[in-house]
Amino acid sequence: MELHQLRYFVAVAETGNFTRASERSRVAQPSLSQQIMKLEGEVGHKLFHRLGRKAVLTEAGTAFLERAKRILFEVENATKELG
């Protein structure tokens, strides 16, 4: 699991759309989708229901979202403390 995967996951969860998340993350949409699929493989659960152009969190995705946000928050704070 890599930090950029968590950032992409949070972006998709917050925008509800892979294309908007890729624009927000400044990464190509196919690359973002591939990283989300790798993340899903690593956690062993689908994190999103893909409904046409919409991405809706699954139950596992909802549970994972708060932890992903907490991890990113802690990494950001640690970086600030060291800076």
Side-chain angles (χ1 to χ4, degrees):
M1 186 177 311
E2 299 181 30
L3 289 176
H4 69 272
Q5 292 173 325
L6 296 179
R7 288 186 186 102
Y8 297 166
F9 167 71
V10 171
V12 175
E14 290 180 350
T15 63
N17 181 282
F18 279 79
T19 301
R20 283 194 299 262
S22 69
E23 291 167 355
R24 174 173 144 178
S25 302
R26 295 186 177 101
V27 64
Q29 189 272 327
S31 179
L32 181 136
S33 293
Q34 183 179 38
Q35 290 301 316
I36 296 294
M37 288 190 305
K38 283 183 180 181
L39 180 62
E40 289 176 325
E42 288 182 39
V43 300
H45 294 279
K46 283 286 196 189
L47 300 173
F48 295 101
H49 295 291
R50 289 148 174 91
L51 308 169
R53 294 178 184 246
K54 289 178 66 175
V56 179
L57 287 168
T58 62
E59 187 175 326
T62 300
F64 191 66
L65 180 60
E66 290 308 311
R67 291 187 185 243
K69 286 182 175 181
R70 195 173 325 133
I71 291 165
L72 293 171
F73 176 77
E74 290 297 332
V75 168
E76 184 178 319
N77 280 345
T79 303
K80 286 179 183 176
E81 285 180 20
L82 296 174

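Side chains included, hydrogens not; waters and symmetry mates left out as well; all remaining heavy atoms used. Note that the structure is a prediction, hence the values are computed from the model and not measured.
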Glu2 side, atom CD; Arg7 side, atom CZ - distance, nearest 0.5 Å
11.0 Å

Check whether Ile71 and Leu65 end up in the same hydrophobic cluster, where Ile, Leu, Val, Met, Phe, Trp and Tyr are linked by side-chain heavy atoms less than 4.5 Å apart.
yes

Rounding to 0.5 Å, atoms CG (Leu51) and CG (Asn17) come to a distance of 11.5 Å

Spacing of Ile36 atom CD1 and Leu6 atom CG [to the nearest 0.5 Å]:
9.0 Å

Does Val12 belong to the same Ile/Leu/Val/Met/Phe/Trp/Tyr cluster as Met37, with side-chain heavy atoms less than 4.5 Å apart forming each link?
no

Is there a chain of hydrophobic side chains (I, L, V, M, F, W, Y, each step under 4.5 Å between heavy atoms) that links Leu3 to Tyr8?
yes

Considering all heavy atoms of both residues, which atom of Leu32 and which atom of Ser25 are nearest to each other, and what is their separation?
CD1-OG, 4.2 Å

For His45, look at atom NE2 and say whether over 12 heavy atoms of other residues, nucleotides or ligands are found less than 6.0 Å away.
no

Before you tell me yes or no, could you show the steps for Arg70 and Glu74 under salt bridge (charged side-chain N to carboxylate O under 4.0 Å, His left out), namely the whole-Å CA-CA distance, both residues' side-chain angles and the distance that decides it to 0.1 Å?
CA-CA 6 Å; Arg70 195 173 325 133; Glu74 290 297 332; over 6 Å; no

Are Val56 and Leu39 connected into the same hydrophobic cluster when the rule is that any two of I, L, V, M, F, W, Y join if their side-chain heavy atoms are below 4.5 Å apart?
no

Hydrogens and angles aside, do Gln35 and Ser31 bring a side-chain donor and acceptor to less than 3.5 Å of each other?
no

Ion pair Lys38/Glu42, N-O distance below 4.0 Å:
no

Going from CD on Gln34 to CD on Gln5, what distance comes out if it is rounded to the nearest 0.5 angstrom?
10.0 Å

Looking at Lys46, is its backbone amide N or carbonyl O close enough to the side chain of Thr58 to form a donor-acceptor pair, meaning the two atoms are under 3.5 Å apart?
yes

Dump the intermediate steps for side-chain contact (heavy atoms from CB on, under 4.5 Å) on Lys69 and Glu14, then the final yes or no.
CA-CA 11 Å; Lys69 286 182 175 181; Glu14 290 180 350; 3.5 Å; yes

Check the angle between the aromatic planes of Phe48 and Phe18 and answer parallel, tilted or perpendicular using the 30° and 60° thresholds.
perpendicular

Determine the minimum heavy-atom distance between Ser22 and Ala28, stating which atoms define it.
CB-C, 4.1 Å

With a 4.5 Å cut-off on side-chain heavy atoms, are Arg53 and Thr19 touching?
no

